[in-house]
Amino acid sequence: MVKKISYTIVTVLLICTAVGYFRYYPTVDVSGQIPKGATEVVKVNLRQLEWAFVKEALQHPSQFMKSGEQADKGDPKTPSSFELLRKAIDIPANLMFYRGANDSFWLSTAIAIKDADRFEEFTAQLPKYEGVSGYQCFKFNALFVIRAKATCHVVYTFRKSGWQTEVARFLTAEEYEHDEHSAWLTPILEKSSILSFTSTDGGHGKLQIQGNSLVVEGNLGRYGALFLQGNNALSTEAIASISGKIDTGVLSSMLDNNSKQRLKKVTGLDADSLMFHWTGALSGKLAKLEKKRDTIVSYEYDDDFNKVAVKKVVERWLPSGALQLQGTGLSGYLERQGAIKTVDGETRFVWSPLFKTTAVTTAAGLRFQVGEVMAPQEGTEVDRKDWVFNFTYKADPQGVMQGLIAKPWWQHLDSFECRITTTNTIRCELQFDTQSQGVLGLLRTSF
């Protein structure tokens with residue numbers, strides 16, 4: 001009897017393991033899904049995302065019970081648009097989005113419609129959108145949904161118009177990429193990442209949850225040309241530290257005319273002139289935050305129309321830090337444009353409305369200072385020659401930044417690091433304090 005029970009338990013466990021493996025680690029096949037002409041692909045691994053939620057539900061069941069109770073408060077007789085869509089389509093294991101080199105949109109691969117009636121009920125709630133010839137198009141929040149008989153596609157774009165004809169060329173494509181002939185698709189064939197990205201220029205990346213961290217790793221591809229080798233001293237004592245060197249010529253070429261015009265309209269600065277005077281090198285740190293008390297004097301009138309001074313003491317946090325930009329002509333250019341002026345005997349950067357920011361011309365360029373600037377202490381600077389850019393943030397002991405930024409995910413953020421190396425590899429890690437809930441649960445309550 002004991003043997004039978006043992007065999008039964010072992011068999012059930014083996015079956016569960018097998019079913020779980022094939023469900024959450026399915027074979028990835030992108031052949032025939034990405035049209036020729038696409039240059040970038042993003043794959044969302046919905047099964048891996050589901051598995052991450054399952055693990056968090058097992059580790060933090062109380063958090064998911066609260067979510068379920070909140071969901072039950074809605075009207076069960078009136079299904080939401082998301083609920084209708086979920087029941088109308090066949091949710092794939094992997095959903096991919098792609099675009100061409102100059103496209104302003106991301107178009108999803110085909111999603112099968114399993115219940116046409118529910119899908120029509122879903123689209124009946126949405127405004128129609130014209131422009132995609134031969135297809136029904138609907139606006140759904142920040143997305144567009146395109147129906148093609150038994151399948152549908154999702155489109156994400158910032159543009160209000162002009163993208164429809166570009167999308168149509170992919171919807172009517174006759175030639176597709178295939179795994180065995182398209183080496184650039186290899187990075188999205190792996191199974192463990194929640195999200196992965198690849199492009200024809202060699203760029204690729206993946207997003208994973210590793211313990212209590214959210215990690216992005218990959219290669220920048222053509223965007224690697226944006227970063228140059230420079231002085232990469234990193235302050236280990238600061239709350240936040242940044243250093244690196246940007247190729248200003250490449251940056252200028254990446255900015256379109258609309259972006260340059262907006263910059264000039266808001267700041268009065270010409271992007272090309274700014275890039276000419278700045279070498280691209282920058283370094284800075286946020287050393288500390290201190291609470292300061294200020295007395296604000298305002299005036300009111302009493303019943304006899306006498307002017308009365310009203311004093312109010314307010315508390316605010318004052319940062320201490322500095323940002324160094326390299327470029328011998330940068331200071332003069334900003335002065336000519338009115339960004340730097342002499343106020344009360346001090347040279348100030350007048351476009352900093354929140355804090356008094358002084359501008360100091362140095363031999364290498366220009367340094368912006370806020371509050372008390374602390375000199376580096378011995379043993380607190382780390383220099384790595386294999387980095388071309390780095391940024392770090394660690395939660396300050398007083399929790400000031402957590403208090404200033406109300407988002408739950410920020411309040412539980414322990415540290416953030418971003419490194420770009422000389423070989424164009426990038427690694428970003430957000431580490432959270434997730435004792436009471438998992439990373440996905442934390443992010444879900446923040447947005």
Side-chain angles (χ1 to χ4, degrees), residues 220 222-255 259-260 263-264 266-287 319-342 346-352 355-378 380-393 417-426:
L220 292 174
R222 71 177 184 273
Y223 294 105
L226 184 62
F227 300 95
L228 302 173
Q229 183 67 57
N231 176 25
N232 287 287
L234 171 67
S235 175
T236 59
E237 292 291 321
I239 295 173
S241 178
I242 186 172
S243 67
K245 188 174 183 180
I246 297 171
D247 189 319
T248 55
V250 173
L251 178 60
S252 181
S253 66
M254 288 181 174
L255 296 174
S259 299
K260 292 179 179 180
L263 176 66
K264 192 164 188 177
V266 173
T267 67
L269 297 179
D270 179 77
D272 293 327
S273 298
L274 184 62
M275 301 303 170
F276 176 78
H277 292 290
W278 177 38
T279 66
L282 75 159
S283 61
K285 67 177 182 178
L286 175 62
S320 291
L323 176 66
Q324 175 78 39
L325 301 180
Q326 196 175 87
T328 54
L330 186 60
S331 177
Y333 174 70
L334 292 179
E335 286 181 5
R336 291 193 298 273
Q337 299 303 311
I340 295 177
K341 295 181 180 179
T342 301
E346 290 183 317
T347 305
R348 295 185 187 176
F349 181 60
V350 296
W351 291 344
S352 177
F355 311 105
K356 184 179 75 173
T357 304
T358 58
V360 181
T361 303
T362 64
L366 184 63
R367 184 172 70 248
F368 299 105
Q369 299 178 178
V370 177
E372 177 187 349
V373 180
M374 302 176 67
Q377 299 176 7
E378 186 177 352
T380 63
E381 300 287 331
V382 177
D383 197 2
R384 288 285 297 272
K385 297 301 180 185
D386 57 331
W387 296 339
V388 293
F389 179 86
N390 68 75
F391 173 81
T392 65
Y393 164 81
E417 292 184 334
C418 181
R419 301 273 190 270
I420 300 174
T421 70
T422 53
T423 56
N424 287 348
T425 61
I426 182 171

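The basis for the numbers below is simple: all heavy atoms, side chains too, and nothing from hydrogens, waters or symmetry mates. All values derive from a computational prediction rather than experimental measurement. For the single chain, residues carry numbers from 1 onward in sequence order.
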| remark: With sequence neighbours left out, the residues meeting side-chain contact (heavy atoms from CB on, under 4.5 Å) with Ala359 are Ile340, Thr347, Leu366, Phe368
| Residues in side-chain contact (heavy atoms from CB on, under 4.5 Å) with Asp272, at least two apart? | Ser252, Lys260, Asp270
| Checking Gln229 side chain against Trp387 main chain: does a donor-acceptor pair fall under 3.5 Å? | yes
| message | Once rounded to the nearest 0.5 Å, what's the spacing between atom NE2 of His277 and atom CD of Gln337? | response | 8.5 Å
| query | Among all residues two or more places apart in sequence or in another chain, which pass the side chain to side chain donor-acceptor pair (under 3.5 Å) test with Thr358? | reply | none
| request: Kindly write out the residues that satisfy side-chain contact (heavy atoms from CB on, under 4.5 Å) with Tyr223, not counting sequence neighbours, or none if the list is empty. | output: Leu220, Met254
| Sequence neighbours excluded, which residues qualify as salt bridge (Lys or Arg N to Asp or Glu O under 4.0 Å) partners of Lys356? | Glu346
| note | Leu263 and Ala271 have their tightest heavy-atom pair at CD2-CB, 3.8 Å
| message | Nearest 0.5 Å, please: how far is CZ in Arg367 from OG1 in Thr361? | response | 10.0 Å
| query | Which value, rounded to the nearest 0.5 Å, describes the distance between Lys245 atom NZ and Ser283 atom OG? | reply | 12.0 Å
| Which heavy-atom pair separates Gly338 from Val350 by the least distance, and what is that distance? | O-CG2, 3.3 Å
| When you look at Thr248 and Phe276, which way does the side chain to side chain contact (heavy atoms under 4.5 Å, CB included) test go after all the steps? | CA-CA 8 Å; Thr248 55; Phe276 176 78; over 6 Å; no
| remark: Across all chains, not counting sequence neighbours, the side-chain contact (heavy atoms from CB on, under 4.5 Å) partners of Thr425 are Asn219, Thr421, Thr423
| said: Counting C-beta onward and ignoring hydrogens, is there a side-chain heavy-atom pair between Asp247 and Phe227 closer than 4.5 Å? | reply: no
| query | Tell me, do Phe389 and Ile426 make a side-chain contact under 4.5 Å, heavy atoms counted? | reply | no
| How long is the span from the CZ atom in Phe391 to the CZ atom in Arg419, to the nearest 0.5 Å? | 10.5 Å
| said: Please enumerate all residues that pass side chain to side chain donor-acceptor pair (under 3.5 Å) together with Thr422, with sequence neighbours excluded. | reply: none
Counting only pairs under 3.5 Å, give me each side-chain donor-acceptor contact of residues 323-330, with atom names and distances, residues two or more places apart or in other chains.
residue, atom, partner, partner atom, Å
Gln324, NE2, Thr362, OG1, 3.0
Gln326, OE1, Thr279, OG1, 3.2

| Minimum-distance pair of heavy atoms, taken over all atoms of Leu286 and Pro319 | CD1-CB, 3.6 Å
| task | Test Trp278 against Ile246 for side chain to side chain contact (heavy atoms under 4.5 Å, CB included), laying out the working first. | result | CA-CA 10 Å; Trp278 177 38; Ile246 297 171; 4.3 Å; yes
| field | Inter-residue atom distance Lys264.NZ - Leu269.CG, 0.5 Å rounding | value | 9.5 Å
